[in-house]
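Chain A is the first sequence line, chain B the second, and so forth, proteins listed ahead of strands; every chain is numbered from 1.
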Protein chains: 2
Amino acid sequence: MAKRPPTIPDSELDVLKVLWDLGQATVREALETLRAAGRQWSYATVATLLDRLESKGLVTSDRRELAFVYKPVISGQEVRQKRVNSLVDKLYQGEPGLLVLHLLKSHPLDPDQAKEVRSVLDQMMGEKSRKKER
Amino acid sequence: MAKRPPTIPDSELDVLKVLWDLGQATVREALETLRAAGRQWSYATVATLLDRLESKGLVTSDRRELAFVYKPVISGQEVRQKRVNSLVDKLYQGEPGLLVLHLLKSHPLDPDQAKEVRSVLDQMMGEKSRKKER
DNA sequence: GACCTTGTTAGACAACTGTCTTAGGATACA
DNA sequence: TGTATCCTAAGACAGTTGTCTAACAAGGTC
């Protein structure tokens, strides 16, 4: 029974996000930030979560003066990438296009974003058609 | 300590997918399908998973002759919807556009899909600009 | 020195997941 | 009728997640 690969559960993700925002934080700083954002956790809970993140190798800690300072090792970009890939694999037959379609159909974009999306798309199509041109 | 809302773990999702594909299935049918797809599970494992799905209200069972026949109650569409929403909320600040951009940038679409995406987008932009036109 | 305040550590504990073993009820066929 | 099949039921058991209590160390304060 192979050990499961490490995942990032919701609660850990919440504290990781704080580290991305602040760059680094002590338990107490993270706690304050999370409290401000509505999470009613105890100090020990946050400490545990940071600890678990560290055993998974996703953050590092560095003792400074009184308290440990935690820094993210994994970036938001990486986490997003993994999550999206896994979603596409599991629910969109590995076809990112299906997910894009789904998103556009069910969530209207605001005009600025729509424009940006279009330009990315045009660029992509431009290359493709220049390349195939049969 | 509020009970956590029911989720659909990976293993359950795999059997649910079989139900979506086949429309309905007995434990054995699901097992065969999963085996064919490479999942090396025992009969009892599949039975347990279907059972858990049923307690979560995501499938129903109906005794036919020998065995129970399970049918999905929740659709693939619904599950996709929820997953996408939660991904967007958790990692894209609730902005679906960011996810769309990310997808387009990191996963090139094939031309047919690109075309389809563009048409959906054009339609959307058409409405918007007609509507705001200030 | 006796006490707070902050911090860390260890561990508790229930719910959820991933998998399976085993016991027991039907069905089927020799 | 006995035995091989196939099914459900019950529950085991370890690993993960969500959250916390409680013990204990180090730095100030009176």
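Remark on DNA chain C: of its neighbouring residues A/R63 and A/T48, the 5'-side contact belongs to A/R63, judged by nearest-heavy-atom nucleotide.
B/T45 comes within 4.0 angstrom of a base, heavy atoms only. At the heavy-atom level, A/R64 lies nowhere under 4.0 Å from the strands shown. A/A67 comes within contact range of the sugar-phosphate backbone alone, with a heavy-atom separation under 4.0 Å but no base atom that close.
Distances shorter than 4.0 Å separate some side-chain N or O of B/W41 from OP1 or OP2 on C/dT19. Distances shown here put a side-chain N or O of A/S42 below 4.0 Å from the OP1 or OP2 atom of D/dC20. The side chain of A/Y43 contributes an N or O atom lying less than 4.0 Å from OP1 or OP2 of C/dT8. Using a 4.0 Å cut-off, no side-chain N or O of B/K56 falls inside it from OP1 or OP2 of C/dA15. For C/dG18, neither phosphate oxygen OP1 nor OP2 lies less than 4.0 angstrom from any side-chain nitrogen or oxygen of A/R4. Note on A/T7: a side-chain N or O is less than 4.0 Å away from OP1 or OP2 of D/dT17.
With 3.5 Å as the limit, one finds a donor-acceptor pair spanning the side chains of B/T45 and B/S42. No hydrogens or angles considered: a donor-acceptor pair under 3.5 Å links the side chains of A/S75 and A/E78.
For A/L66, counting side-chain heavy atoms from C-beta on, the closest listed nucleotide (D/dT8, D/dG27, D/dC6) is D/dG27.
Side-chain to base pairing of B/R52 with C/dT19: one donor and one acceptor N or O lie within less than 3.5 Å of each other.
Inter-residue side-chain proximity for B/H107 and A/V100 is flagged as unmet; no heavy-atom pair is nearer than 4.5 Å.
Ion pairing of A/R39 with A/D14 is present here, as a side-chain N (NZ or NE/NH1/NH2) and a carboxylate O approach within less than 4.0 Å.
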